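Just so we're on the same page: letters track the sequence lines, and every chain starts at 1. From a predicted model like this one, the values you see are computed outputs, not experimental measurements.
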Amino acid sequence: VILIQSNGIMERVMEYTYDDDLEELCPVCGDKVSGYHYGLLTCESCKGFFKRTVQNNKRYTCAENQECKIDKTQRKRCPFCRFQKCLNVGMRLEDSNAGKHLLP
DNA sequence: CTAGCCTTGAAC
DNA sequence: GTTCAAGGCTAG
């Protein structure tokens, strides 16, 4: 946790100490992030994908053992595991008051 | 179905 | 008035 103070008042709080990833890639697919989406930094693809999936109650099935490695190439092959990973990294459609900057 | 751009709303 | 993120729309 990093605290940046200015004039003795806390302005911003950084949480989540990622060690390998620089905060510029999706934790899901590894594409370039476009900003904060659903509680964390994701790319436009995952934003749209997650939206489509959750909002329309999409139902995917994994042909394998639900252990697919999700990267920029395989993410299209297994939407099920992609979605699993989205959930696993902490994406939430509504109310994801987690690692945002300062919102009520 | 995927993914980028555009639009809209809320917070600041 | 500006910025950020959610949502929508469309082309491939």
Side-chain angles (χ1 to χ4, degrees):
Chain A
V1 177
I2 303 170
L3 300 177
I4 300 176
Q5 292 186 325
S6 178
N7 290 338
I9 303 174
M10 293 187 292
E11 296 225 321
R12 192 158 185 173
V13 180
M14 296 264 298
E15 296 184 41
Y16 301 112
T17 59
Y18 289 85
D19 42 1
D20 44 82
D21 279 33
L22 299 173
E23 286 84 82
E24 50 184 69
L25 306 175
C26 280
V28 182
C29 63
D31 209 339
K32 311 294 174 287
V33 300
S34 62
Y36 278 88
H37 299 291
Y38 304 106
L40 30 101
L41 288 164
T42 60
C43 61
E44 280 293 304
S45 328
C46 287
K47 176 177 93 78
F49 169 73
F50 195 78
K51 184 182 56 175
R52 291 188 153 272
T53 306
V54 180
Q55 284 185 176
N56 300 61
N57 281 290
K58 247 82 214 268
R59 218 64 170 254
Y60 304 111
T61 48
C62 181
E64 294 297 314
N65 199 35
Q66 286 120 43
E67 294 177 6
C68 302
K69 301 288 181 290
I70 304 300
D71 56 61
K72 197 176 178 179
T73 44
Q74 286 190 340
R75 60 175 150 167
K76 299 197 189 72
R77 301 289 152 86
C78 194
F80 180 87
C81 290
R82 216 232 279 219
F83 185 61
Q84 284 288 115
K85 196 163 183 180
C86 285
L87 264 43
N88 218 62
V89 296
M91 285 177 78
R92 226 104 199 204
L93 183 59
E94 291 182 24
D95 185 74
S96 8
N97 232 46
K100 282 197 169 183
H101 39 91
L102 220 76
L103 286 169

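As rounded to whole Å, 13 Å separates atom P of C:dA5 from atom CE of A:Met91. One can place CD1 of A:Ile70 at 11 Å from P of B:dT2, the figure rounded to the nearest angstrom.
With sequence neighbours left out, the side-chain hydrogen bond (donor to acceptor under 3.5 Å, both in side chains) criterion links A:Asn57 to no other residue. Not a single ring pair (Phe, Tyr, Trp, His ring centres under 6.0 Å) links A:Phe80 to another residue, sequence neighbours left out. By the side chain to side chain contact (heavy atoms under 4.5 Å, CB included) test, A:Lys51 pairs with A:Tyr38, A:Gln55, sequence neighbours left out. Every salt bridge (charged side-chain N to carboxylate O under 4.0 Å, His left out) that A:Arg75 has, sequence neighbours left out, goes to A:Asp31. Considering only residues two or more places apart in sequence or on other chains, A:Asn88 meets the side chain to side chain contact (heavy atoms under 4.5 Å, CB included) condition with none of them. By the salt bridge (charged side-chain N to carboxylate O under 4.0 Å, His left out) test, A:Lys58 is found to be paired with no residue, residues two or more places apart in sequence or in another chain being considered.
Across all strands shown, A:Arg82 has heavy atoms under 4.0 Å from sugar-phosphate atoms exclusively, and none from any base.
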Sub-3.5 Å pairs of nitrogen or oxygen atoms, protein against nucleotides 10-12 of chain C:
none

Look for any protein N or O under 3.5 Å of an N or O in nucleotides 4-10 of chain B and output each such pair with its distance, or none.
from, atom 1, to, atom 2, distance (Å)
B:dG4, OP2, A:Ser45, OG, 3.2
B:dC5, N4, A:Glu44, OE1, 2.5

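Taking 4.0 angstrom as the limit, A:Tyr38 places a side-chain polar atom (N or O) nearer than this to OP1 or OP2 of C:dG7. Regarding contacts with the backbone of C:dA6, a side-chain N or O of A:His37 is found under 4.0 angstrom from either OP1 or OP2.
Taking a 4.0 Å limit (strictly below) on heavy-atom distances, residues 60-68 of chain A does not reach DNA chain C anywhere.
The ring pair (Phe, Tyr, Trp, His ring centres under 6.0 Å) analysis of residues 53-74 of chain A, with sequence neighbours excluded, yields the pairs A:Phe49-A:Tyr60. Screening residues 34-46 of chain A for salt bridge (charged side-chain N to carboxylate O under 4.0 Å, His left out) gives no qualifying pairs among residues at least two apart or on separate chains.
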Parsed dot-bracket for DNA chain B after applying the Watson-Crick and G-U rules with both distances under 3.5 Å and | for other-strand partners is ||||||||||||
